[in-house]
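In what follows, a single structure is set out as structure tokens and then discussed.
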Amino acid sequence: RSNFSGETLGTSICSSSSSASGNLPLRVICKESRIGKRPVEVPKSVNVVLQGPNLSVKGPLGELTRYYPREVSLTRDESGRIVVTRALETRRARQMHGLFRTLTDNMVVGVSQGFEKKLQMVGVGYRATVEPTEIILNVGFSHPVKIKIPDGISVKVEENTRITVSGRDKCAVGQFAAIIRSWRPPEPYKGKGIKYADEVIRRKEGKAGKKK
């Protein structure tokens with residue numbers, strides 16, 4: 001197990017007692033995360049509140065909050081950008097650095113612009129309708145499928161087969177779109193089912209009749 005020994009020019013130097021052969025000491029260079037070291041731009045329409053390990057961002061589309069573990073810390077630079085840094089020099093901290101920088105950027109983008117996922121229904125008789133609190137799918141079952149729409153998520157249906165899921169929380173938008181798709185995933189022979197708008201289905205050739 002390697003131990004942290006120092007830093008030079010934004011690069012951590014980790015060393016262990018011996019190499020695999022047991023003769024020479026092993027020195028491992030732990031580079032700074034390319035994603036983690038990039039500051040998060042904050043638009044003028046977004047209000048950011050930092051309270052210890054808690055971050056709250058509020059914008060035109062709503063408010064999001066997140067708790068940050070002790071491995072990472074948040075600060076704001078002179079221009080108002082959010083800077084995510086490692087508070088510890090451990091493997092877990094290095095893993096979390098880029099992750100929480102991306103989550104922070106998603107929060108800022110979510111409350112200012114929002115996220116959306118588009119799905120396409122393919123199949124004879126397949127259609128969807130939206131009620132005030134749920135979406136109703138007709139996808140070949142003997143009964144319609146009713147799915148409750150979570151808070152903070154909006155669903156729009158166009159031409160009865162195009163579904164758009166939008167919201168400020170990227171994780172919630174992706175999760176709800178995946179739930180809708182899971183009721184009838186696209187099959188590889190005729191392509192029937194519910195697929196993402198940009199999804200490419202690898203088609204399979206069906207059984208061919210015996211040649212005479």
Side-chain angles (χ1 to χ4, degrees), residues 1-21 24-119 152-153 165-178 181 196-200 202:
R1 182 176 298 178
S2 61
N3 299 318
F4 175 74
S5 63
E7 292 184 354
T8 56
L9 299 177
T11 302
S12 303
I13 303 176
C14 305
S15 63
S16 59
S17 57
S18 62
S19 64
S21 61
L24 299 175
L26 177 66
R27 297 176 65 84
V28 180
I29 302 299
C30 304
K31 296 183 179 180
E32 188 82 9
S33 172
R34 290 178 295 177
I35 297 176
K37 66 183 180 182
R38 294 166 53 190
V40 178
E41 300 288 343
V42 180
K44 295 181 179 179
S45 60
V46 176
N47 183 31
V48 177
V49 178
L50 280 173
Q51 294 181 344
N54 296 303
L55 172 66
S56 176
V57 293
K58 187 175 183 180
L61 300 182
E63 184 177 3
L64 291 174
T65 59
R66 182 176 298 278
Y67 172 81
Y68 287 75
R70 65 186 183 92
E71 284 82 1
V72 295
S73 62
L74 297 177
T75 57
R76 298 195 70 179
D77 60 13
E78 297 177 355
S79 59
R81 299 178 299 180
I82 302 175
V83 180
V84 182
T85 57
R86 295 199 301 262
L88 301 175
E89 289 298 338
T90 61
R91 173 182 290 183
R92 181 177 172 85
R94 292 193 297 271
Q95 293 170 345
M96 289 186 171
H97 190 194
L99 168 65
F100 276 90
R101 187 271 172 194
T102 300
L103 294 176
T104 304
D105 184 63
N106 289 343
M107 292 172 63
V108 174
V109 174
V111 298
S112 58
Q113 303 176 20
F115 296 97
E116 68 176 20
K117 279 281 189 179
K118 295 185 177 182
L119 301 104
I153 299 294
V165 181
S166 58
R168 60 182 177 271
D169 189 337
K170 187 176 183 179
C171 295
V173 170
Q175 178 65 29
F176 189 66
R181 182 184 180 278
Y196 297 114
D198 56 353
E199 183 178 4
V200 177
R202 296 186 63 182

Open item on the list: Taking CZ in Arg91 as the centre, count heavy atoms belonging to other residues, nucleotides or ligands within less than 6.0 Å. Is the count above 12?
Closed with: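 Open: at most 12 neighbouring heavy atoms sit under 6.0 Å from CZ of Arg91.
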Task: Heavy atoms from other residues, nucleotides or ligands near CD1 of Ile35 exceed 12 (cutoff 6.0 Å) - done: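 Counting neighbours around CD1 of Ile35, 12 or fewer heavy atoms of other residues, nucleotides or ligands fall under 6.0 Å, so no.
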Task: Leu74/Val83 under side chain to side chain contact (heavy atoms under 4.5 Å, CB included): CA gap, chis, key distance, verdict - done: CA-CA 6 Å; Leu74 297 177; Val83 180; over 6 Å; no
TODO: Return each pair, listed once, that meets side chain to side chain donor-acceptor pair (under 3.5 Å) where at least one residue sits in residues 42-57; pairs must be two or more places apart or across chains.
DONE: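 Checked against side chain to side chain donor-acceptor pair (under 3.5 Å) - neighbours excluded - the pairs reaching residues 42-57 are Ser56-Glu63.
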To check you understand the geometry: which heavy-atom pair defines the closest contact between [X] and [Y], and what is its length?
X      : Y      : result
Gly62  : Arg168 : CA-CD, 4.0 Å
Val46  : Val42  : O-CG1, 3.8 Å
Cys171 : Asp169 : N-OD1, 3.1 Å
Gly167 : Val173 : N-CG2, 3.5 Å
Arg81  : Ser79  : NE-OG, 3.2 Å
Glu89  : Arg86  : OE1-NH2, 3.1 Å

- [ ] Flag the pair Leu55 / Leu50 as yes when at least one side-chain heavy-atom distance between them is below 4.5 Å, and no otherwise.
- [x]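 A side-chain contact under 4.5 Å exists here.
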Task: Student check: side-chain heavy atoms of Arg101 and Asp105 closer than 4.5 Å - done: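 Result yes, sub-4.5 Å side-chain heavy-atom pair found.
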TODO: Any ring pair (Phe, Tyr, Trp, His ring centres under 6.0 Å) involving residues 68-101? Give me the pairs, sequence neighbours left out, ordered by first then second residue.
DONE: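 Only Tyr68-Phe100 qualify under ring pair (Phe, Tyr, Trp, His ring centres under 6.0 Å).
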Pairs of donor and acceptor atoms involving the side chains of residues 110-119, under 3.5 Å and at least two apart or interchain, shall be tabulated with distances.
unit_1, atom_1, unit_2, atom_2, d
Ser112, OG, Val108, O, 2.8
Ser112, OG, Val109, O, 3.2

Task: Spacing of CG belonging to Leu64 relative to NZ belonging to Lys58, to within rounding of 0.5 Å - done: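 Leu64 atom CG to Lys58 atom NZ measures 12.0 Å (nearest 0.5 Å).
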- [ ] Could you verify whether a donor N or O on one side chain and an acceptor N or O on the other, from Arg92 and Thr90, lie under 3.5 Å apart?
- [x]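 No, no side-chain donor-acceptor contact under 3.5 Å.
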